[in-house]
Amino acid sequence: MDFWEVIRLRRSVRQYDPERDVPLEQIDQILEAAILAPSGGHCQSWRFFVVRDRALRGQLAVAAEGRKSLTEAPVVIVICCDPRCSADRYGERGANLFSIQDVAAATEHILLAATALGLGSLWVGSFDEGSVARVLDLPEHLRPVALVVIGHLSVARPGRRPRRPLAEVVEYR
Ligand SMILES: Cc1cc2nc3c(=O)[nH]c(=O)nc-3n(C[C@H](O)[C@H](O)[C@H](O)COP(=O)(O)O)c2cc1C
């Protein structure tokens, strides 16, 4: 699929076919795309937890306001940041901004890679961090930043949500 087609086709997909799994090779492809993202100082602050276990996904769903796509779709990738490298190099700005931006860049690569493979995906940011950390027994230094749901669509890809026009969000100086 052409780059522009992928960009235009990506949607937040909220309905998944629970009967269709995502092969491990595709998950690997998606993660390989994720780590090609840029990162502040090349710290690569991202850490990925690929959750396929149904019971664990159920617990993540509870931590994410009961969002049912987490149990419907076969894969949830929990993307955490390890701010230590960014903090060492850039202090406060590294710890609280760059490490999060690293994760955001990797997350977008994941969404686009999933789209290119014909899969649906959803970036879930509304969740209780403490609960997700407990479900995955995360070490202290890791902060869960994004959950990404990946699977096969059960209905047609949703229509594109309208964007604020460029004229509203861009200024040339
Ligand atoms: C930081 C961030 C957090 C988000 N959190 C959620 C979420 O918790 N639940 C959800 O259904 N969608 C979530 N989304 C998806 C947005 O709602 C979606 O991207 C937006 O409505 C535009 O739709 P589109 O992705 O189909 O273009 C999130 C997206 C981002 C970037």
Side-chain angles (χ1 to χ4, degrees), residues 1-18 22 30-31 33-40 44-51 56-83 86 93-136 138 142-170:
M1 206 184 289
D2 157 71
F3 172 77
W4 296 105
E5 201 181 336
V6 174
I7 290 273
R8 290 193 188 105
L9 201 62
R10 188 208 57 78
R11 296 283 187 286
S12 289
V13 172
R14 296 184 174 84
Q15 286 171 283
Y16 293 88
D17 182 348
V22 174
I30 290 168
L31 293 168
I35 62 171
L36 292 180
S39 64
Q44 304 163 80
S45 310
W46 45 67
R47 299 291 180 271
F48 306 96
F49 292 81
V50 180
V51 182
L56 276 183
R57 283 188 285 113
Q59 292 175 44
L60 290 177
V62 173
E65 303 172 341
R67 182 160 279 296
K68 72 175 173 38
S69 45
L70 277 85
T71 43
E72 253 179 25
V75 179
V76 177
I77 304 179
V78 179
I79 311 162
C80 300
C81 80
D82 178 345
S86 316
R93 192 165 171 80
N96 297 321
L97 182 63
F98 290 1
S99 65
I100 304 290
Q101 288 175 324
D102 291 355
V103 166
T107 303
E108 178 64 3
H109 275 211
I110 288 176
L111 303 183
L112 294 176
T115 306
L117 291 170
L119 298 164
S121 59
L122 176 66
W123 180 330
V124 176
S126 296
F127 60 85
D128 183 77
E129 287 187 24
S131 303
V132 169
R134 275 189 294 280
V135 169
L136 296 180
L138 295 177
L142 292 189
R143 178 180 181 190
V145 174
L147 313 183
V148 176
V149 178
I150 298 175
H152 292 269
L153 285 75
S154 62
V155 294
R157 204 169 274 274
R160 185 184 303 146
R161 297 195 72 182
R163 264 36 184 182
R164 293 179 198 269
L166 287 182
E168 189 183 323
V169 296
V170 179

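Residues take their numbers from the sequence shown, with the count starting at 1. Note that ligands are numbered from 1 as they come in the structure, with each ligand's atoms numbered from 1 the same way.
Within 4.0 Å of ligand 1, heavy atoms belong to protein residues R10, R11, S12, R14, R67, L122, W123, V124, G125, S126, R161, R163.
Between the CH2 atom in W46 and the OG atom in S99 there is a gap of 11.5 Å [rounded to 0.5 Å].
Checked by atom type and distance alone, the side chain of D17 never pairs as donor or acceptor with a backbone atom of G151 at under 3.5 Å.
For R10, there are no salt bridge (Lys or Arg N to Asp or Glu O under 4.0 Å) partners at least two apart in sequence or on another chain. Contacts of R67 classified as salt bridge (Lys or Arg N to Asp or Glu O under 4.0 Å), with partners at least two apart in sequence or in another chain: none. Among residues two or more places apart in sequence or in another chain, the salt bridge (Lys or Arg N to Asp or Glu O under 4.0 Å) test is passed with E5 by none.
The shortest distance between side-chain heavy atoms of L119 and H152 falls below 4.5 Å.
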